[in-house]
Structures are given as C-alpha cells and as structure tokens.
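Report on the following structure.
Below, each value reflects all heavy atoms present in this structure, side chains not excepted, and no hydrogens, waters or symmetry copies. Sequence lines set the chain letters: A, B, ... in the order given, protein chains first and strands last, and positions in each chain run from 1.
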Protein chains: 2
Amino acid sequence: MSSLVRMLGVLDVFSEDVPVWTVDRLVEELGYSRSTAYRYVKELCEAGLLAQIGGGNYMLGPRIIMMDRQIRICDPLLAAGQKIMPGLLDMCGKGALRICCLYGDKLILIHQITNISGLEERYPRGLQMPRVLGAASKLILAHLPERQAIKIFLHHQDEIKSAGLGESWEDFRANLRQMRLDKTSRAYGEIDPDAVGIAAPIFGGDGPIVGSLSLVVKERPFSEKRLDTLSDQIQKGAAQLSKIIADLSNPYSESPSAVAMAIGPSHKEPLRRR
Amino acid sequence: MSSLVRMLGVLDVFSEDVPVWTVDRLVEELGYSRSTAYRYVKELCEAGLLAQIGGGNYMLGPRIIMMDRQIRICDPLLAAGQKIMPGLLDMCGKGALRICCLYGDKLILIHQITNISGLEERYPRGLQMPRVLGAASKLILAHLPERQAIKIFLHHQDEIKSAGLGESWEDFRANLRQMRLDKTSRAYGEIDPDAVGIAAPIFGGDGPIVGSLSLVVKERPFSEKRLDTLSDQIQKGAAQLSKIIADLSNPYSESPSAVAMAIGPSHKEPLRRR
DNA sequence: ATTGTCAATCTCACATTATGAGAATTTCCA
DNA sequence: TGGAAATTCTCATAATGTGAGATTGACAAT
C-alpha cells in the first residue's frame, strides 16, 4: 500500500460515530507507528483536512467546509434546483423533493426541501444513497451506460434480487429498459417504509445522466391517479433542470468552468486492468 | 517537500474560479510529471476527494460533501444555533445572524440565517472570514490567549493598523482588553459598507473561546440606543449557546464524542520550532 | 472494419524519501 | 516549579515514489 493511501486512510476513521480522535487511538486503530501517525496528522492539519481541538484531540478540518462551499457555489444543478424546487413542491402536497447526483461511482443527495418537519435532518445534503434501492437509485441505474450497469449488477447481485429488480441479467436489463420507457421510476416503501418515491432523470448538456429529481410522498392515499399526476410533474421538473444546465454548457456560455461542471459526473468508468 | 504534501497540493488548485481541471493542466500548473499527476489524481479519486466528470475533467469529489455532512451532524454548536437563532433574529429586525467558528487558525462562517434576500448567497456556510476585520473577527481576537494574539499581531500588523485596532502592540493589547470588558464588539461598515456588525463570544465547556455569534444590521437608523439593545440581545444569545454546549460536555453526558466536540477548536497553536 | 486521437495505465531502473524507535522538546496544569 | 502529556526531532535503514516512454483501451469519424 502506498504511503499516500495510508495517509488518506486516516480520514476514513473519522466517522459520524467517532468524529474525534487522539493520535494514540489512531495508532491503535491503524497500526502505524507513533512517529508516522503524528507526521500524517500534522500534514493533514496543515492542509486543513484535520483540525486540532482541545488537547490532543483531532477532528475533520475547515478545508472540508470550505471545499463543500466551493462545490455548492460551482454546481449549476444545485442552483437550478434551488430555483424551481419550491414551486414544484407546493404543487405536490406533503413530502420532500430531492436532487441526487452521481459523483464517480457514488450517488449523493445534494439538495432537499420538504414541508414535513424532521425530514430535513434525517436526510441532509451529503448523504450517500444506496445504489439499487429507492426510486432515485433505480432510475439512475436504468439510465447508466450498459457497461456500468453490468458492473453494478455483478457487484450488487444479491441486493438487486431482493429488491425485485431481476433474478438474471436479462431480467434486470428488461426492468431497466422499462424504467427508461416510463421516463420515471417508483418505489413503494423501499427506503422509508411508509412513503412512496417517484424519480425522474436529469441529463447533462451532452447526453449522459447526471442525477435525478425525486419526490417522496408521505400523504395518503397513494392512488394510481394521483401518483401518475405527480410522476408527470416530477418528470417535467427534471426536464426543466436538464434544460437549464444544458443551456449553461452551450457554446454561447462564457464561463468555461460552468460548461465543464454542467456536463456533470462522468458516465465513464476509470480503466482498470488486472 | 514530502510527497504527501505534494499530493495534497493538488487539492489547492481546485478553486471557485477554476473548479475543473484536466491532468494536463495540473501538470502545467504544478510541475509534476504526467505519471505522477495521474497517480495522485487516481489516488485522490479513490479516496473520493476528487471525481471524474466528462472526459478527462476532474472536480472535487463526493467525500467532501459527505464529510461536511458529518461535521454538520456532529457539531453541537451548529445544532444549538439552529435552535435559538430564528427567535433571536425576529427580535433584531432586518439583518443576518451568524455563527463563526475557529478551526485551528482559520475563522469559518458555519451558519447564517437572514431575512434579507440575497444575503444568504453572498455569505454562505464555509466562507473564510478575515482575521482582523469585522465585529466577529475582532471579538475573537480579543478572547484569544495572549500567545496567539501576539502571533496574529505580528502577522497582520498592517491590517491591524488600517483597521484602527492599534499602532503598537500596547495599543492593540489595550483595544482587545476593552472589547473583553465590553463583552461585545462592533464594526461599522468594515465588511459590508452599509451595515453594522455586533458580535459576542461563545465559549467551550472548559473556558476557551470557540466562536462568535454576530448580528449584521442593515436597517437604519443605527442609533446608540438601538445598538446597545441589540448588543445586549446578542450577548445573551451567545451566553445561551455557551451554556448549551457546556452542558453537553459535563460529566453527566454519555457521549464522549459530543464532549470532545463541544470543547471546540483548539486555542493551542501546533508547536513550531525553527 | 479501420484508423487516428486522447486518456490512462504500465514498466523498470534509480534515487529520493518515508519509516520507526527512542531521545529531546514544548506545553499545560496542578 | 514540577511532572505528565503531547509533539517534534534524529538518523540509519529499507522501502517506495519517480519519470520517460511504451502500451493499452475508449471513442469518434471515415
């Protein structure tokens, strides 16, 4: 293992459950020597990724908060979402409206608004979403290039089966195809037991899916008619978002960074040979 | 320069102005060989600190958003702030209410609420505040242990002079002392030209300052009487916050992490010998 | 299919640099 | 003014990061 990986491994142990570490406990956990652990911590502190609190205690540092700000400021999808989501939610009744975004191979909740108290805290920005469970996840799966879908199928075969997404690759593939045709996906209580999820795809300026807009409905009844109406609204909202970020990446846009950002997370897997 | 520092240097070039980089431009900017740049980028991607977008473009990655979430969830000061700030702002009229927090040697805006449109976007969570300008900054300066105050005086001497905080160390020291006695600080248009800032200190469970609560007033008139009333309210609010996080770190609290977090950012500088 | 281009990884000899035990230093608190 | 805890320093040794160039893979155009 390279020393670079070893150093970044330090960041991994800072979790929600154990957000504060002393160097001694790091040594215990990671098996590094005390010298090395101190060296890593010192360099991570200098980079701002860690910060010292109290005597000998360390936590995640200010650079992380600053970099998240940068990501937020530069994200055209977030900006577009903040513009159109409040109006959309009003039309949908009690629930929550979310944007999830693909970053490399991770699906991250990047924005949520809700009119149900307590939901904001349980699903805040930054939450990693499952890859095969829930309306947003399934929908994104459906719009992935085939190569990536295969990879995920092989990796999450069991979860895919228990989610009823298909027993075989052909099964699975057909289900994905159906979702593409439907333009939206639905999930009945897959994440939140007493809620229904509806999701629609958001595309980058040049075609590939970059994320999804999804609605979580908690207000009964879940009649087919009502869900169809909502699906339609979500789909229109997602199309609006796609259009906004596509316009940013058109040749008339002046900001090269906005262009690149609007293209969105890659649909391309890094090469990997063995 | 160690290779660890060299690798983390990659993160430094991802700025608000240039949030997207290709490996080739990284090579140009940083002077690394192409092999090395690719190796760094690959490892940073595996750690989630970078993510690939489009072909050959990279931006800051999902781990940063996830780690910011962790920081938010674990931060008792943020939680306390979200509880008491809305009510406090209602009593203060038009303006904005902020919590700034010391992380190591950086002063970061960690939460803001406002009833003026457009202010939220200009001053979002994650913004790094100046060390000597504005009510919050000056106030925190005033409550720093003397060693750190000296260090900052030596480092920011010019800014301190032009901010009218003192021509000499004795001058400066006396001004800080006065702010400590006042319990609050004020700034007239130091950051925002047509606003007045009022700040009060937030202390950790065991004494040292961890941050500040500050109010930005944009509604005239700025009469002495009104400002005195507001100062009093801010000071009470800050005291409330100090109490909440002190209670978390008392011996009856069960969560050791909450304890450590509540102690807050260190008042201690890392050792540095030359 | 075929070719050209770009992105990313691989190979390998070489030299730089990370490592860890223990000593030395600094800081903090009583 | 001690004494304990936290942190940095020293240095010989071994490990590993480095970079030029070749290679591979992906993709688009013809």
**Request:** Would you indicate which nucleotide in D:dG17, D:dA6, C:dG20 comes nearest to any side-chain atom of A:D24?
**Result:**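 Taking heavy atoms from C-beta onward, the closest nucleotide is D:dA6.
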**Request:** Compare the minimum distances between each of D:dG19, C:dG20, D:dT7 and the side chain of A:V23, then state the nucleotide with the smallest one.
**Result:**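 When the side chain of A:V23 is considered, D:dT7 is the closest of D:dG19, C:dG20, D:dT7.
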**Prompt:** Has the side chain of A:R173 got a donor or acceptor atom that lies under 3.5 Å from a matching backbone atom of A:A149?
**Reply:**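 The answer is no, because no donor-acceptor pair under 3.5 Å joins these two groups.
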**Prompt:** Hey, does the side-chain of A:S35 have a donor or acceptor N/O within less than 3.5 Å of a partner on the base of C:dA21?
**Reply:**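 Under the 3.5 Å cut-off, the side chain and the base do form a donor-acceptor pair.
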Nearest whole angstrom, please: distance from the [atom2] of [N] to the [atom1] of [X].
X: B:R34; N: C:dC10; atom1: CZ; atom2: C1'; value: 15 Å
X: B:M7; N: C:dT17; atom1: CE; atom2: P; value: 15 Å
X: B:R25; N: C:dA8; atom1: CZ; atom2: P; value: 13 Å
X: A:M1; N: C:dA18; atom1: CE; atom2: C1'; value: 14 Å
X: A:L4; N: C:dT17; atom1: CG; atom2: C1'; value: 12 Å
X: A:R39; N: D:dT16; atom1: CZ; atom2: P; value: 13 Å
X: B:I53; N: C:dA7; atom1: CD1; atom2: C1'; value: 15 Å

Taking 4.0 Å as the cut-off, does a side-chain nitrogen or oxygen of [X] come that near to OP1 or OP2 on [N]?
X: B:Y32; N: D:dA20; result: no
X: A:Y38; N: D:dT8; result: no
X: A:T36; N: C:dA18; result: no
X: B:Q52; N: C:dA8; result: yes

**Request:** Start with the C-alpha gap between A:Y32 and A:V10, add the side-chain angles, then the distance that decides, and say whether side-chain contact (heavy atoms from CB on, under 4.5 Å) holds.
**Result:** CA-CA 10 Å; A:Y32 306 159; A:V10 171; 4.0 Å; yes
